[in-house]
Amino acid sequence: MDLSTPIEKIPRIGPAYQKRLKRLGIKTVENLIYHFPHRYDDFSNLIPIAKAEIGGPFCFQGEILEVKNIRTFRKRMILTRAVLGDETGKLTVIWFNQPYLVTTFRKGDYVCLAGKIVKKESSIYLSNPAYEKIPAGLSQNSELTHTGRLIPVYPETEGLSSRWLRFIVKPILQKLKNQLLDPLPETIIKERNFPPLREAIWQIHFPDSLEEAKEAKKRFAFEELFILSLFIFRERLKLAREKAIAIPINLDLIKEFVESLPFKLTDAQKKSAWQILKDLAKSRPMNRLLEGDVGSGKTVVAAMAALNVAKAGYQVVFMAPTEILAKQHYKTINDILKKFNLNIGLITGKENYYKGPEGQAYGAGKKISRRELLEKLKNDELDILIGTHALIQEGIKFKKLVFVIVDEQHRFGVEQRARLCQPIRDRGGTGQGQSLIPHLLSMTATPIPRTLSLTIYGDLDLSIIDELPKGRKKIVTKIIRPKNKKETYDFIRQQVKEGRQVFVICPRIEPRTTVACGTGQASQQTLSWMEVKAVKEEYEKLSKNIFPDLKVAMLHGKMKTEEKEKVMKSFKNRKIDILVSTSVVEVGVDIPNATVMLIEGSEKFGLAQLHQFRGRVGRSEYQSYCFLFTDTPGIAVSRRLRALISCENGFELAEKDLQIRGPGDFFGQRQWGIPDLAMASLTDTFLVAQAREEAKKILEKDPELKKYPLLKEKVEKFRERIHLE
Ligand code: ADP
Ligand code: MG
């Protein structure tokens, strides 16, 4: 057995467990021993029974004097009741709903039990303790696994307990730990005073003290951040060596474009556009992220760059995560580039559109077949092609693709983006048959806290639109307690009477177990079904009881694309007054006539996400409102929600969110594929800076990591996990 051994080959792990482990992303021995505990139970306080008092946790060692199951009639529960005895006395022990324990223990077994002593009614007992039989010849408590020491508690998934993980991991570690080779260079270990791998890996699972666990954790956090930094620096070096077609900035064209707009660009838009245009003018591929709050006007900026490229005689693609968004972009881009006589196409799984220069056939834009569209692509009659995933399907070949724009980039996988950014051969011109990589612009409305963007992008290729267009009215944000619901509904009815429209967001359904590690696919499925249920209930309530006179519709992730599309279309065309939806659908859709955003169970969302919901209203001259419904108006909740009222800047909110909830929560669902520990350490600016510094230092001397094969391997493996550009 070594690190690469697949879990299938580990004795004692049957098919059912293999499946569950895979749900946690664990496929090999290496994954298994790198699945770290997220906390420890301190069961090291071993005392004689005579010294027991209410509270704990305490740990007792003694003999099982009796054990039996008792059925409680009132609560229909099975209790396993045992009596533990040592030299000093006897203690009642009760386990709930684990009837099999009666066969686990025999009278006379010598055991170690750890848990809390409670007093209920008149009885005092050890409640639901962790247990283990004491092996013959035990010389030290540190040889125990589940009791008598600091006990690791792991991120779990259904049917996979920490107890089971300990049982599997411990023997593997005992066997392997002395063969493990440390990927961290020795100099770093010495200089930074980190424990070496062999020691650290044991201490993070089965620590002698919390202090040692902390040291080990820090070491692994550093390791992950270090590898992340190496990966990012190396990617950047690689990209810097690649070639792309340089598109000079056509100043007259840009000026004409800016003057043709019905509004004045904000300074932040101008600055971002300029950064992008300058990147495009270089002969190495751009890789830039354009970040800006919902409604900050990213599309115009992208359109300006697209215009510059298209007019230079090259092709641009613009990929969006949903059909609704792709169509919206098709419309917007056609609108704002109208006077520039370009060929613009839309490709989605369902329908395709095409618009040629004004005044000619197709000038007004029309629906065409996929075949016709591909024909146009082949005949060089497409300057800008907008679309969904359909863009990366077989048979779609670009000849002169130079610029790729990806909207809501986090909704796509690395693979999908990579497929769009395939190198093209330069036919004559610049580089004589050389491979040329398209320039890539990714856009996102998720404001990334500075700490994170510093780690990921080093602030180099990041454009930020941090101001909203002038004249936007401030959105009135209010926290609504249950007792004020009615008047809020009355207010909403009034808004609808005045012709406005309303979004209602249903509460996010949370996984029952709060684990640091995501919930795995199976439960993710159940979760989304639970969300659907929540939406349906809310829809019933609103359409039948509260607004029977208004047109209410719903939208959720389990609906067919066409259905969703139909609903969105009706909403856009004002045939629906109130749209009830889950939190997951259709970010970025532009409905200027909607002025109310009502969020049920608002305390379940992060600040950054609430801020994004709020950004869907306030896009017109009408005053807009955001109502945060909450049933649990605790002080902490209020403080969090109040931050939303006082703060309108998405970046500030993201930073606050990061501080309050931690990065794991902030990014939910492992959006970026960054390892948990690295993620959790991103708030440790000092450690982050150290890791970056060391990574830089090592790459300066040895850019190919020739002297560090182990490290190189780790960095390369990292590529498979990470979702960054
Ligand atoms: P997002 O950044 O969320 O993608 P959009 O690009 O969809 O935002 O822009 C939101 C709305 O703001 C659009 O209707 C757009 O026409 C408008 N808009 C963009 N820039 C400006 C500006 N500088 N002044 C006024 N309105 C603008
Ligand atoms: Mg957008």
Side-chain angles (χ1 to χ4, degrees), residues 1-38 145-146 152-184 196-206 216-217 219-221 223-224 226-228 230-231 413-415 418 511 513 515-525 669-670 672-679 705 708-723:
M1 186 196 293
D2 61 26
L3 288 181
S4 62
T5 306
I7 50 169
E8 287 84 357
K9 296 231 172 91
I10 305 174
R12 308 202 275 190
I13 303 187
Y17 277 103
Q18 290 164 17
K19 233 198 212 142
R20 292 171 198 157
L21 284 171
K22 284 187 183 155
R23 236 190 275 151
L24 290 175
I26 298 171
K27 294 180 194 138
T28 61
V29 167
E30 180 170 19
N31 300 153
L32 191 61
I33 64 174
Y34 275 83
H35 183 64
F36 296 145
H38 58 141
T145 308
H146 310 291
V153 182
Y154 296 93
E156 299 170 3
T157 180
E158 259 172 87
L160 213 157
S161 66
S162 284
R163 186 180 175 89
W164 184 85
L165 278 165
R166 290 192 287 267
F167 162 77
I168 294 294
V169 170
K170 197 175 185 188
I172 293 179
L173 271 184
Q174 279 163 332
K175 205 160 165 181
L176 279 188
K177 92 177 147 104
N178 290 324
Q179 304 167 23
L180 296 178
L181 298 173
D182 203 326
L184 283 185
L197 177 65
R198 292 172 187 186
E199 209 177 296
I201 195 100
W202 182 261
Q203 289 299 332
I204 201 166
H205 287 281
F206 298 99
K217 206 159 185 167
R219 181 224 129 98
F220 286 113
E223 185 178 317
E224 288 184 351
F226 178 60
I227 289 168
L228 174 72
L230 281 173
F231 172 82
V414 221
E415 257 310 293
T513 45
V515 294
C517 194
T519 44
Q521 260 154 22
S523 28
Q524 214 40 270
Q525 274 288 330
Q669 304 175 353
R670 310 186 122 194
W672 301 78
I674 295 176
D676 295 339
L677 262 184
M679 207 59 190
L705 296 174
Y708 308 95
L710 215 59
L711 202 54
K712 187 172 180 171
E713 192 186 311
K714 284 230 165 195
V715 173
E716 266 151 26
K717 265 196 207 147
F718 200 75
R719 164 186 293 286
E720 293 158 27
R721 303 165 53 176
I722 200 93
H723 302 229

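Start at 1 with the first residue, then count along the sequence. No hydrogens, no waters, no symmetry mates; every other heavy atom, side chains included, goes into these values.
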Task: Test side chain to side chain contact (heavy atoms under 4.5 Å, CB included) applied to His205 and Phe36, step by step - done: CA-CA 7 Å; His205 287 281; Phe36 296 145; 4.0 Å; yes

TODO: Could you give me the CA-CA distance, side-chain angles and deciding distance for Glu224 and Ile227, then say whether side chain to side chain contact (heavy atoms under 4.5 Å, CB included) is met?
DONE: CA-CA 5 Å; Glu224 288 184 351; Ile227 289 168; 5.9 Å; no

Task: Trace of the side chain to side chain contact (heavy atoms under 4.5 Å, CB included) decision for Ile10 with Leu32 - done: CA-CA 11 Å; Ile10 305 174; Leu32 191 61; 4.1 Å; yes

TODO: Please step through side chain to side chain contact (heavy atoms under 4.5 Å, CB included) for the pair Thr28 and Ile7, ending with a clear verdict.
DONE: CA-CA 5 Å; Thr28 61; Ile7 50 169; 5.8 Å; no

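Separation of atoms CG (Leu180) and CG (Leu173) is listed at 8.0 Å; rounding is to 0.5 Å. Between the CD atom in Glu199 and the CD1 atom in Ile204 there is a gap of 13.0 Å [rounded to 0.5 Å]. Here the NZ atom belonging to Lys9 is positioned 9.0 Å from the OG atom belonging to Ser4, to the nearest 0.5 angstrom. One finds the CH2 atom of Trp202 at 4.5 Å from the CD atom of Gln174 (value rounded to the nearest 0.5 Å). From Leu711, atom CG reaches atom CG of Leu705 across 5.5 Å, with rounding to the nearest 0.5 Å. Here CZ of Phe226 is found 10.5 Å from CZ of Arg219. Values are rounded to the nearest 0.5 Å.
Checked by atom type and distance alone, the side chain of Gln18 pairs as donor or acceptor with a backbone atom of Ile13 at under 3.5 Å. Side chain of Asp182 to backbone of Leu197: a donor-acceptor contact under 3.5 angstrom is found. Judged by distance alone, the side chain of Asp2 and the main-chain N or O of Thr5 form a donor-acceptor pair under 3.5 Å. A donor-acceptor pair is defined here as one N or O able to donate and one able to accept, closer than 3.5 Å; such a pair exists between the side chain of Arg166 and the backbone of Pro152. For the pair Arg20 (side chain) and Leu160 (backbone), a donor-acceptor distance under 3.5 Å is absent. Checked by atom type and distance alone, the side chain of His35 never pairs as donor or acceptor with a backbone atom of Ile26 at under 3.5 Å.
Using a cut-off of 4.0 Å between Lys/Arg side-chain N and Asp/Glu carboxylate O, Lys717 and Glu30 are scored as salt-bridged. A salt bridge links Lys714 with Glu223: at least one charged nitrogen is closer than 4.0 Å to a carboxylate oxygen.
Phe206 and Thr145 make their closest contact through CE2-CG2, 4.1 Å (heavy atoms, listed as atom of the first residue, atom of the second, distance). What you find for Ser162 and Tyr154 is that their closest heavy atoms are OG-N, 2.8 Å.
Within 6.0 Å of atom NZ in Lys170, more than 12 heavy atoms from other residues, nucleotides or ligands are found, so the atom counts as buried in its surroundings.
Under the 4.5 Å side-chain criterion, counting only non-hydrogen atoms from C-beta, Tyr17 is not in contact with Arg12. Between Ile201 and Leu176, every side-chain heavy-atom pair lies at or beyond the 4.5 Å cut-off.
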